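To keep things clear, I will list the structure first and then write my remarks on it.
Not measured: the values here are computed from a predicted model. Each residue takes its place number in the sequence, starting with 1.
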Amino acid sequence: MASISVDGGGAELAAIEAQLRSAEKRIGVKGSQVVRRSTEEGAGVARRMAAVDTGFMRSSVTTSFTGDAGSGVMDGEWGPEASYAKFVEHGTSRMAPQPFVVPSLDAVTPGFVAACEAISDPFD
């Protein structure tokens, strides 16, 4: 996590530093919520877009999170655990690609960026 420090500048900058420090945790926790929500949404989109034969690959799309939502530091990822999913996603010499992971990222990205922008102003 970033550390905020302001040296010099008197009372005016000290007040700004105090605002930034108080916003740091709020923004971090909200950011973790955005990561969790976007990751779950991305996994849902990938499941809906996955090619279905037996349904195993679709059901193998999982999410994982590292970090701590309480501290505001979190990473999220989603993807299929089926060993053959990469061949479906990228195709083979005998099969055209049927992408579902990359398009799920493309679908979620605008909302993720907008949510990050919405929480990024520490003076709100």
**Audit row: E77, T63, side chain to side chain contact (heavy atoms under 4.5 Å, CB included) steps and yes/no** = CA-CA 6 Å; E77 62 182 56; T63 59; over 6 Å; no

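- Put simply, OG on S32 and CZ on R37 are 11.0 Å apart, with the number rounded to the nearest 0.5 Å.
- A donor-acceptor pair shorter than 3.5 Å cannot be found between the side chains of W78 and T62.
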**Message:** Let's go through D75 and F65 carefully: what are the C-alpha distance in whole Å and the side-chain angles of both, what is the deciding distance for side chain to side chain contact (heavy atoms under 4.5 Å, CB included) to 0.1 Å, and is it a yes or a no?
**Reply:** CA-CA 6 Å; D75 292 318; F65 300 95; over 6 Å; no

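- Atom CE of M57 is separated from atom OG of S59 by 10.0 Å, given to the nearest 0.5 angstrom.
- Hydrophobic cluster membership is shared by V101 and Y84, with clusters built from Ile, Leu, Val, Met, Phe, Trp and Tyr side chains linked at under 4.5 angstrom.
- Residues P80 and F100 approach most closely at CG-CZ, 3.8 Å, considering heavy atoms.
- When every heavy atom of P110 is checked against every heavy atom of A107, the shortest pair comes out as CD-O, 3.7 Å.
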Can you give me every donor-acceptor pair (side chain of residues 42-53, partner residue at least two apart or in another chain, under 3.5 Å) with its distance?
| from | atom 1 | to | atom 2 | distance (Å) |
| --- | --- | --- | --- | --- |
| R47 | NE | V61 | O | 3.2 |
| R47 | NH2 | V61 | O | 2.9 |
| R48 | NH1 | G44 | O | 3.4 |

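- Atom CZ in F87 sits 14.0 Å away from atom CD in Q98 (nearest 0.5 Å).
- The same ILVMFWY cluster, assembled from side-chain heavy atoms under 4.5 Å apart, contains both I119 and V35.
- The hydrophobic clustering, which links ILVMFWY residues whose side-chain heavy atoms are closer than 4.5 Å, places V102 and V108 apart.
- No side-chain heavy atom of C116 sits under 4.5 Å from any side-chain heavy atom of K30.
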